[in-house]
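Worksheet: one structure, shown below.
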Amino acid sequence: MKNIVVLVSGGGTNLQALIDAQGRGEIKNGYISTVISSNPNAYALERAEKNGINTLIIRRRDYDSFDSYDSALTELLQSVGADVVVLAGFMTILGKKVIKAFENRIINIHPALIPSFCGEGYYGLKVHEEALKKGVKVTGATAHFVNEICDGGPIIIQKAVEVKNGDTPEILQKRVMEQAEWKILPKAVALFCEDKIKVIGNKTEIIE
Ligand code: GAR
């Protein structure tokens, strides 16, 4: 069984989707052992506690330098024995050390179809604001591995979602979460735990 550690910063609806998928038996070879938050007030922590999952806090501002924060996060993940790290709305950029220590073992959910509306500065509602500004008719979500390029790692699963007349960033965000994020993130984690994701260069192949 693979040890799944989930990093969060906010509401934690993607964490909830993982917990629910686990409850339905959809994550066959893994279990969520720990939730780590960058924000002590994140509602995601309550979701974890309600489900008997161990919680920890790590705040960027408690470290003098980005480098020492990067080392501390790496050590924390190693100390809890993480096999796979899931970024479920984690709003702090990861450093080189942690990315190297968990190469092709960190999965992020991004609320757009990468390579659209991604990269530095594209997070949360901002992604949907930009999609609406551009006038795209289709957006979606992407589950991908994390490498040193922001939102540039190998793509695991994508799912498209329709943009509708009158959408606001909030309405679109909710539709993307419901129709895409909450489905593809647990699926990507389940595939990883069953060793069904083969990474070839900067691409992946799903082993059926
Ligand atoms: C989600 O929409 C997630 O895709 C996004 O933040 C939200 C977190 O919601 N992540 C990013 O924008 C990362 N670049 P949640 O806390 O309810 O899961």
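Order of appearance sets the numbers: ligands from 1, and atoms from 1 within every ligand. All values derive from a computational prediction rather than experimental measurement.
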I want to confirm something. Looking only at heavy atoms, which of Val176, Ile109, Leu185, Val127 is nearest to atom 13 (C) of ligand 1? Ile109

Geometry only, no angles: is Tyr123 polar-contacting ligand 1 at N/O separations under 3.5 Å? no

Within less than 4.0 angstrom of ligand 1, does Met91 place any heavy atom? yes

In ligand 1, the atoms that come under 4.0 Å of a heavy atom of Gly124 are 11 (C), 12 (O)

Just by modelled atom types, is the Phe117 backbone N or O under 3.5 Å from a matching donor or acceptor in the His110 side chain? yes

Separation of Leu18 CG from Thr13 OG1 (nearest 0.5 Å): 10.0 Å

Taking OH in Tyr43 as the centre, count heavy atoms belonging to other residues, nucleotides or ligands within less than 6.0 Å. Is the count above 12? yes

Can you list the atoms of ligand 1 that are under 4.0 Å from a heavy atom of Met177? 1 (C), 2 (O), 9 (O), 17 (O)

Suppose we screen for side chain to side chain contact (heavy atoms under 4.5 Å, CB included). Which residues come up paired with Tyr63, at least two apart in sequence or across chains? Ile58, Arg60, Ser68, Tyr69, Ala72

Polar atom proximity, Asn14 to ligand 1 (N or O, under 3.5 Å): yes

Counting only heavy atoms, which portion of Phe90 has something under 4.0 Å from ligand 1: side chain, backbone, both, or neither? neither

What atoms of ligand 1 come closer than 4.0 angstrom to any heavy atom of Gly89? 6 (O), 8 (C)

Any link between Leu113 and Val136 through a network of hydrophobic side chains (Ile, Leu, Val, Met, Phe, Trp, Tyr) touching at under 4.5 Å? no

Contact check, Tyr43 vs ligand 1, heavy-atom distance below 4.0 Å: no

Please say whether more than 12 non-hydrogen atoms of neighbouring residues, nucleotides or ligands are located less than 6.0 Å from CZ in Arg61. no

Contact with ligand 1 for Gly12, non-hydrogen, under 4.0 angstrom: yes

Under 4.0 Å from any heavy atom of Thr13, which atoms of ligand 1 are there? 15 (P), 16 (O), 17 (O), 18 (O)

Does a side-chain N-to-carboxylate-O contact under 4.0 Å join Lys126 and Glu130? yes

among protein heavy atoms, the one nearest atom 11 (C) of ligand 1 is Pro111 CD, 3.7 Å

Counting each atom of ligand 1 from 1 as listed, which ones have a heavy atom of Tyr122 under 4.0 Å away? 14 (N)

Got an N/O contact under 3.5 Å between Glu181 and ligand 1? yes

Are Leu77 and Val84 grouped together when hydrophobic residues (ILVMFWY) are joined by side-chain heavy atoms under 4.5 angstrom apart? no

Check whether any side-chain N or O of Asn29 sits under 3.5 Å from a backbone N or O of Glu194 as a donor-acceptor pair, and report yes or no. no

